[in-house]
J.: 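A single structure is presented below for examination.
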2 protein chains.
Amino acid sequence: MPSWEIPSDQLPPVAAVQKLLRALADPARLEMVRRLASLPEDKAEAPCSDLYEGLSKSTATHHFKILVEAGVLHPVMVGPSRGHRLRRPALQEAAPGLLDALMAALARER
Amino acid sequence: MPSWEIPSDQLPPVAAVQKLLRALADPARLEMVRRLASLPEDKAEAPCSDLYEGLSKSTATHHFKILVEAGVLHPVMVGPSRGHRLRRPALQEAAPGLLDALMAALARER
DNA sequence: CTCCAAGTTTGACGGACGTCGTACTTCTCC
DNA sequence: GGAGAAGTACGACGTCCGTCAAACTTGGAG
């Protein structure tokens with residue numbers, strides 16, 4: 001485990017609803033979450049660069065930071081690169097059904 | 001019915017998820033929705049001034065506009081004043097479970 | 001008809017936010 | 001251990017957004 005990785009039990013708590021919404025209300029960040037959420041169950045993790053397009057790396061890092069601080073993502077090692085995992089259980093506990101409702105609505109509008 | 005009131009069947013469609021989130025991601029607007037949502041079933045409507053505190057009237061109007069354009073609120077006459085109704089059915093159709101999940105999470109964090 | 005209360009419109013302003021380039025760090029692999 | 005790929009940190013910049021005051025509109029009460 002690399003020095004920067006945070007154990008699951010020391011992650012920041014999932015933020016309050018209002019902050020959560022703010023974190024998700026950006027197109028780039030919503031897309032990041034959508035991509036993670038659409039991965040096969042439980043191993044919902046991917047290297048950073050798989051989660052965005054059309055952004056500079058620094059901008060992407062900025063968005064990841066906001067999502068991590070809101071308690072949505074967990075930064076982890078994925079193969080040889082850094083990556084992120086969707087904190088499904090924590091989110092489900094903080095706001096039951098929210099993520100599911102969002103993803104379903106997103107899926108519907110295509 | 002006052003001249004400015006819009007029939008239910010001509011309201012703007014509920015906005016896409018991303019715009020919806022943006023509309024709800026502001027503290028003042030989230031509180032407006034929360035107050036409407038916590039009213040007795042179905043007649044969830046109230047005069048404008050009951051839905052906010054600590055804001056100037058012009059700011060409140062601004063927020064209402066955003067919520068109406070996102071398809072969340074329906075401006076209606078309430079007694080002698082203008083007011084708003086929460087568009088529960090439309091929201092439920094556009095994003096099933098989302099409003100409920102949000103309100104439940106909000107209720108929990110007090 | 002006139003007045004008043006309640007909302008809206010408009011314009012201005014300040015701070016927050018998304019974006020990027022550049023320089024820096026940290027892993028991995030040879 | 002050096003080289004390079006992958007992210008991060010920092011600073012700058014422009015735009016969007018929330019806020020307000022002031023002037024205007026509108027519906028209702030008397």
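A, B, ... follow the sequence lines: proteins, then strands. Residue 1 opens every chain.
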J.: Can you pull every protein N or O that's under 3.5 Å from an N or O on nucleotides 8-14 of chain C?
T.:
unit_1, atom_1, unit_2, atom_2, d
C:dT8, OP2, B:Thr61, OG1, 2.8

J.: Just how far, in rounded Å, is C1' of C:dG21 from CG of A:Leu55?
T.: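 Nearest whole value for this atom pair: 15 Å.
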
J.: What is the distance from CZ of B:Arg22 to P of C:dA16, rounded to the nearest Å?
T.: 16 Å

J.: Could you tell me the separation between the CG atom of B:Asp50 and the C1' atom of C:dA6, rounded to a whole number of Å?
T.: 12 Å

J.: Looking only at atom types and distance, does a side-chain atom of B:Glu45 sit under 3.5 Å from a main-chain N or O of B:Leu86, one as donor and one as acceptor?
T.: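 Not at all, since once roles are kept as given, no pair shorter than 3.5 Å links the two residues.
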
J.: Examine B:His84 together with B:Phe64 and report whether their ring centres are nearer than 6.0 Å.
T.: yes

J.: Taking A:Arg35 first and then A:Glu31, would you say they form a salt bridge - that is, a charged N and a carboxylate O separated by under 4.0 Å?
T.: yes

J.: Under the side chain to side chain donor-acceptor pair (under 3.5 Å) test, which residues partner A:Ser49, sequence neighbours left out?
T.: none

J.: Quick one: does any side-chain atom of B:Arg88 pair with a main-chain N or O of B:Ala37 as donor and acceptor, under 3.5 Å?
T.: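 Pair found, side chain donor or acceptor close to backbone of B:Ala37.
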
J.: With a 3.5 Å distance limit and no angle check, can you tell me whether A:His74 reaches the backbone of A:Ile6 through a side-chain donor-acceptor pair?
T.: yes

J.: Provide, to the nearest angstrom, the distance between the CD atom belonging to A:Gln18 and the P atom belonging to C:dA16.
T.: 14 Å

J.: Would you check if the side chain of A:Arg22 reaches a backbone N or O of B:Ala25 as a donor-acceptor pair within less than 3.5 Å?
T.: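 Yes, A:Arg22 side chain to B:Ala25 backbone: donor-acceptor pair under 3.5 Å.
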
J.: Provide, to the nearest angstrom, the distance between the NE2 atom belonging to B:His63 and the P atom belonging to D:dC20.
T.: 8 Å

J.: Take atom CE of A:Met32 and atom C1' of D:dG7, then tell me their distance rounded to the nearest Å.
T.: 12 Å

J.: Nearest whole Å is fine: how far is C:dG18 P from A:Leu24 CG?
T.: 12 Å

J.: Using five base pairs at each end, measure the axis-to-axis angle across the helix from C:dC1-D:dG30 to C:dC30-D:dG1 and round it to 10 degrees.
T.: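 End-to-end axis angle: 30°.
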
J.: Can you confirm whether more than 12 heavy atoms, excluding those of A:Glu93, are under 6.0 Å from its CD atom?
T.: no

J.: From the set C:dC17, D:dG7, C:dC20, return the single nucleotide nearest to any side-chain atom of A:Pro47.
T.: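 Taking heavy atoms from C-beta onward, the closest nucleotide is D:dG7.
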
J.: Could you state the atom-to-atom distance from CD1 of A:Ile66 to C1' of D:dG7 in whole Å?
T.: 16 Å

J.: Scan side-chain atoms only and decide if B:Thr59 and B:Ser56 contain a donor-acceptor pair under the 3.5 Å cut-off.
T.: yes

